[in-house]
Amino acid sequence: MGIINRSKVKQFLISGCYDTPENYLRKHGVKVGKGCYISPCHLSTSEGFLIEIGDYCRIAKDTEFFTHGMLHSIRKYYNDYELEWYGKVKIGNYVSIGEGCKIMAGVEIGDNVIIGAGSVVTKSIPSGYMVAGNPIRHIGYTEEWFKRLKEGNLRTGFMSWDEKVKFLKSLPDDKFVKKPYIKCKDK
C-alpha cells in the first residue's frame, strides 16, 4: 500500500477536479436551484439538460437519475436502430430524496415531497406526499409528518456531540421512534 502524498492531494483539490455534487450536476447540464444539498449521485444519462431540481432540495448519496430507456434489445429484435424515447425529470422545491433512490425518465415530483431511501420512482408524485418502496407507494403526507416530528422533537440541534450523547442515553425507550411490525398474511 502506497503512502498518501498530501501535497498532491491538496493540489488535486485546488485544481478544481474535485467539486461539489451541485456543480458536478450543473456541469452536466442539470438545472439546480438555490440552497440545495446534494450528496454524490449518478447521472445514468448523457442528457443532464433534461433534469431540473428546484430550490432547497436534499438528495442523498447514490441517487440515480434517468432520462431515457434501455432499448438495445428492442432495437435489435425489431431491427430499428433509430428507436429512442426520452423523458424529462422535474423535481420541485423542498424535496428530500433518500439514499439510493432511482428517479426514472418522465417523472415530475411536486413541492414538499419526501422520498424514502431505496425507492424506485416510476410515477410522478403530487406536492406534499411521502412515498417509499419499489415501486413507490404513498405512505403519508409531509405536513402530518412535520406535525408529528414537532410534537416529539427532542431539540438536540444545537447541542454539542457530547451533550447530545449524554441526553439521548438518558432517555427512556418510549421517547425514540419505533416502527410497527409488518403485516403478515398468517396473523
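Numbering of residues begins at 1 and proceeds along the displayed sequence.
Counted within 6.0 Å of CZ on Phe146, heavy atoms from surrounding residues, nucleotides or ligands total 12 or fewer; the atom is thus considered open. No more than 12 heavy atoms of other residues, nucleotides or ligands shown are found within 6.0 angstrom of CH2 on Trp161. Residue-environment remark: CZ (Phe158) stays at or below the threshold of 12 foreign heavy atoms within 6.0 Å. Within a 6.0 Å sphere centred on CZ of Arg75, other residues, nucleotides and ligands contribute more than 12 heavy atoms. The neighbour count for Phe49 CZ, taken as heavy atoms of other residues, nucleotides or ligands under 6.0 Å away, is above 12. Counting heavy-atom neighbours within 6.0 Å of Asp173 CG, excluding the residue itself, gives a total of 12 or less.
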*Assess whether side chain to side chain contact (heavy atoms under 4.5 Å, CB included) is satisfied between Thr20 and Asn23, documenting all intermediate values.*
CA-CA 5 Å; Thr20 67; Asn23 285 339; 3.4 Å; yes
*Can you check side chain to side chain contact (heavy atoms under 4.5 Å, CB included) on Ile74 and Leu83, steps first, answer last?*
CA-CA 9 Å; Ile74 292 174; Leu83 185 65; 3.6 Å; yes
*Please step through side chain to side chain contact (heavy atoms under 4.5 Å, CB included) for the pair Leu171 and Phe176, ending with a clear verdict.*
CA-CA 8 Å; Leu171 294 175; Phe176 293 93; 3.9 Å; yes
*Please walk me through it: do Ile59 and Phe65 pass side chain to side chain contact (heavy atoms under 4.5 Å, CB included)?*
CA-CA 11 Å; Ile59 300 174; Phe65 296 94; 3.9 Å; yes
*asked:* Could you walk me through whether Glu84 and His68 satisfy the side chain to side chain donor-acceptor pair (under 3.5 Å) test, starting with their C-alpha distance in whole Å, then the side-chain angles of each, then the deciding distance to 0.1 Å, before giving a yes or no?
replied: CA-CA 8 Å; Glu84 284 289 353; His68 63 275; over 6 Å; no
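When all heavy atoms of Ser39 and Ala60 are compared, the closest pair comes out as CB-C, 3.7 Å. Across every non-hydrogen atom of Gly116 and Cys101, the tightest pair is O-SG, 3.2 Å. Residues Met130 and Tyr141 share a closest heavy-atom pair of SD-O, 3.7 Å. Between Lys164 and Met159, the closest heavy-atom pair is CA-SD, 3.8 Å. Residue Thr142 comes nearest to Tyr129 through the heavy atom pair OG1-O, 3.4 Å, listed as atom of the first residue, atom of the second, then distance. The two atoms that bring Ile139 and Ala132 nearest to each other are CD1-CB, 3.9 Å, heavy atoms only.
Taken to the nearest 0.5 Å, the CD1 atom of Ile115 stands 4.0 Å off from the CD1 atom of Ile125. Distance NE2/His72 to OH/Tyr77: 15.0 Å, rounded to 0.5 Å. Remark: Lys90 NZ to Glu52 CD distance equals 5.0 Å, nearest 0.5 Å. The line from CG of Leu71 to CD of Glu82 is 13.0 Å long, rounded to the nearest 0.5 Å. Atom CG of Leu43 and atom CD of Glu64 lie 9.5 Å apart (nearest 0.5 Å). Here CD1 of Ile91 is found 12.5 Å from CG of Asp55. Values are rounded to the nearest 0.5 Å.
Side-chain atoms of Glu151 never come within 3.5 Å of backbone atoms of Arg148 as a donor-acceptor pair (strictly under, hydrogens ignored). When atom types are taken as modelled, the side chain of Glu22 and the backbone of Ile38 share a donor-acceptor pair closer than 3.5 angstrom. For Asn112 (side chain) and Ser127 (main-chain N/O), no donor-acceptor pair under 3.5 Å exists by modelled atom type. Judged purely by atom type and a 3.5 angstrom limit, Ser119 uses its side chain to pair as donor or acceptor with the backbone of Gly133.
Within the 4.5 Å cutoff, no side-chain heavy atoms of Arg26 are placed close to those of Val30. Between Tyr94 and Arg58, the closest side-chain pair of non-hydrogen atoms is not below 4.5 Å.
Lys88 has no carboxylate O lying under 4.0 Å from a charged side-chain N of Glu108, or vice versa, which leaves the two without a salt bridge.
When the side chains of ILVMFWY residues are joined at heavy-atom separations under 4.5 Å, either directly or via intervening members, Val131 and Ile114 end up in two distinct hydrophobic clusters. Residues Trp85 and Tyr78 are members of one and the same hydrophobic cluster, defined by side-chain heavy-atom contacts under 4.5 angstrom among Ile, Leu, Val, Met, Phe, Trp and Tyr.
Taking the six-membered ring where the residue is Trp, His28 and Tyr24 present tilted rings, their angle falling between 30° and 60°.
The side chain to side chain contact (heavy atoms under 4.5 Å, CB included) test with Ile53 is passed by exactly one of Leu25, Asn93, Ile97, Ile109: Leu25.
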